[in-house]
2 protein chains.
Amino acid sequence: MSGEVNIKRLAQELNISIATVSKALNDSYEISLKTKNRVLSLAKELNYTPNPAASNLRSNKTKTIAVIIPCIANNFFSLAIKGIEEIARKYGHHVLIYQTHEDTEMEMSFTNSLLNGRVDGILTSVSSNEYNSDYYRDLVKKIPLVFFDRVYESLDAFKITTDDYQISFTATEHLIKCGCLKIAYLYGLGNLPAGRARFSGYKDALNAHGISYDENLVLNYSEDEDVNLDNIKKLFQDQYPDALFSSIEEFIIPAYLACNYLQLQIPKDVKILSFSNMSSAKLLNPSLTTITQPAFEIGNEAAKCLFKILNKRGIDDDQNIVLKSSLIKRASTGC
Amino acid sequence: MSGEVNIKRLAQELNISIATVSKALNDSYEISLKTKNRVLSLAKELNYTPNPAASNLRSNKTKTIAVIIPCIANNFFSLAIKGIEEIARKYGHHVLIYQTHEDTEMEMSFTNSLLNGRVDGILTSVSSNEYNSDYYRDLVKKIPLVFFDRVYESLDAFKITTDDYQISFTATEHLIKCGCLKIAYLYGLGNLPAGRARFSGYKDALNAHGISYDENLVLNYSEDEDVNLDNIKKLFQDQYPDALFSSIEEFIIPAYLACNYLQLQIPKDVKILSFSNMSSAKLLNPSLTTITQPAFEIGNEAAKCLFKILNKRGIDDDQNIVLKSSLIKRASTGC
DNA sequence: CTGTTAGCGCGTTCAT
DNA sequence: ATGAACGCGCTAACAG
């Protein structure tokens, strides 16, 4: 059987011992070049690959990392995964993916199932940081773990995030400079540091420019797209905002459509600005202004950070990396 | 150390043999209820979980499956993965994900890395069926494998697909019945059975209704979104089509925008119909007609099929499952 | 019902 | 430079 190629078989065919084969395959200094070559060429010929289970058992390493995220059907996370995969492949690691669908119980359940040595490390983007900081405080002692984007702020752990507060401040300022006075805020991720930071950036920018904050201009995200659409319409009819600042991509389409339904003729009358990683953002630029997070780079950095830990080398004192988002303005009006 | 909980430890603490513990944990009929309870309660107390590597090595099962797809940042595939994960979780399996980015070499490289027992089975959606049918012909003999959506048609293997030809025919017919005479076709996935089937459905429907096929109305997909946008504009200016039938979702935004730029005032003057699994399709319905593939269900069925194979039970003679797509018409005009 | 024994494939001693 | 022997944690055969 060609499926039964193991070091024992290689050893038999070459009339040498199993140990020698093992050492040759691992490029040990003890083995002569000649033997190494004999082993390697036969291994190649027979298409030998080591049995991962045996290797894991012996070495306590799996060459596998896990990624735990709320949802894969999301432009930000799918790009982040791409970034993670790139690094994982470079290090010859495999990637397990778990979707929590924003369910904290499931998040913990998945995480717990990884603590028995199934993976070498975990990259996670949590669903909420309200209730289980104790859980994560213990967890980070048990397994190499890097938080990305959605983190536990108060935790002493490795975190890759973006400049949510700063970019939000800048974006709001941008709208103000464009002449907007009543900027509505579409609020998402309120149970996470990122969401709260974005909201603070918005409020502080208003304040810095002498515009008083009006909570009637704030709309909370609903799971139901139809509800969001209705709420935005209502917001327009009741409050007459001259701009919408959406803190999450999920609001873009309802916002866009609400304006169209109400014949507000964006981009002329109303400005829409949103966090977004839509691949077609480039094409939508003429009509929308977007804040684009460096999703791919976040994945990249998170994975690099994890491999640094795994390889126990050069871990920076600073456990926080903050990447910069981009404010992409409307191509047509520069606004 | 609390990290060192294994069956040996359990056996010692309970003064019974390792084998008994193992059997108790696996709920063997040979073990008395009393012993089982003693073992289980101690296991729970010490937070014991079996070492996967050791278990894999001994049992030749990994409780892991792999999913190989072109790209995760795609509404269809991310939904399919959701469907796969649901079933995998039900069977207590973990899911490895590999993105090929439409690169056949990478596809084979990933697949080969899984043949040494790292996973129990593979779900794959191939990037092209042009060149390596021999490769897959051998592969299906080596490891349980199910193709989904993007398959090797001629291969005797498990395949989960959709009614591409039929729905494409129906959709084209729908446009014709709405009064369209010059229906342009935005052609994607030409190197795959699905893409070719869609195209055939379009041509056959035209033919069935006495409309002659005009190759000037066919536009091929480009990787570059800007090029697609330009091409669609040019198509409108040169050929004056009264409808666009897009065979892939990637064309939707450029098509939509091209119409807007050219002030074609969709949905009034031009009809756009596209394959799409955009989550906001519901909201876009008033202006676009879509063909929605049952992506989640495809993932579901593919995974179910794989687990049937793994559990060696009830494998249907028919290795092909074809699921039905939905034609979702414009809510406003029913057209 | 319980225990003893023998590996799964690999890597790591310690001999030679 | 090479090999014999052991054990990682678990499961399966066989004994009792």
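Model, not experiment: these values are computed from the prediction. Throughout, a chain's letter reflects where its sequence line sits, starting with A, and its residues are numbered from 1.
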| request: Assign the ring pair Tyr152(B) / Phe147(B) to parallel, tilted or perpendicular, where the plane angle (0 to 90°) is split at 30° and 60°. | output: tilted
| query | When you check the gap from the basic side-chain N to the acidic O, do Lys82(A) and Glu85(A) get nearer than 4.0 Å? | reply | no
| said: Measure CG/Asn37(A) against C1'/dA1(D) and give the value in whole Å, please. | reply: 15 Å
| said: Main chain of Thr100(A), side chain of Glu107(A): is a donor-acceptor contact present, judged purely on distance under 3.5 Å? | reply: no
| said: Classify the ring geometry of Tyr98(B) against His94(A): parallel below 30°, tilted from 30° to 60°, perpendicular beyond 60°. | reply: perpendicular
| field | Minimum-distance nucleotide (side-chain atoms of Arg58(B) versus dC8(C), dC14(C), dA4(D)) | value | dC8(C)
| So what does Ile16(A) hit on the nucleic acid, given a heavy-atom distance under 4.0 Å: a base, only sugar-phosphate, or nothing? | sugar-phosphate
| message | Both Ala54(B) and Glu30(A) contact DNA chain D. Which one's nearest nucleotide lies toward the 5' end? | response | Glu30(A)
| request: Grab the CD1-P distance between Ile7(B) and dC8(D) for me, whole Å please. | output: 12 Å
| request: Select one nucleotide: of dT11(D), dG3(D), dC10(C), the one nearest the side-chain heavy atoms of Ser55(B). | output: dT11(D)
| task | To the nearest Å, give me how far apart NZ (Lys34(A)) and C1' (dT2(D)) are. | result | 13 Å
| message | Regarding Asn26(B), tell me which of base, sugar-phosphate or nothing describes its non-hydrogen contacts under 4.0 Å with the strands shown. | response | sugar-phosphate
| Between dC10(D) (C1') and Lys61(B) (NZ): distance, integer Å | 14 Å
| said: With nearest nucleotide decided by heavy atoms, which residue, Tyr29(A) or Ala19(A), maps closer to the 5′ end of DNA chain D? | reply: Tyr29(A)
| query | Looking for any heavy atom pair under 4.0 Å, which part of the strands does Thr35(A) touch: base, sugar-phosphate only, or nothing? | reply | sugar-phosphate
| Atom NZ of Lys36(A): over 12 foreign heavy atoms under 6.0 Å | yes
| message | Applying a 4.0 Å non-hydrogen cut-off, can you work out what Ser22(A) is touching in the nucleic acid: base, sugar-phosphate, or nothing? | response | base
| task | Using only heavy-atom distances, decide whether a donor-acceptor pair under 3.5 angstrom links the side-chain of Lys23(A) to the base of dG3(D). | result | yes
| query | Starting at CG of Asn56(B) and ending at P of dC8(D), how long is that distance when rounded to a whole Å? | reply | 18 Å
| note | When rounded to whole Å, the CD1 to C1' distance for the pair Ile18(A) and dC14(C) reads 17 Å
| note | Closest of dC1(C), dC10(D), dG3(C) to the Ser32(B) side chain is dC1(C)
| remark: Between CZ of Arg38(B) and P of dC1(C) the distance, given in whole Å, is 15 Å
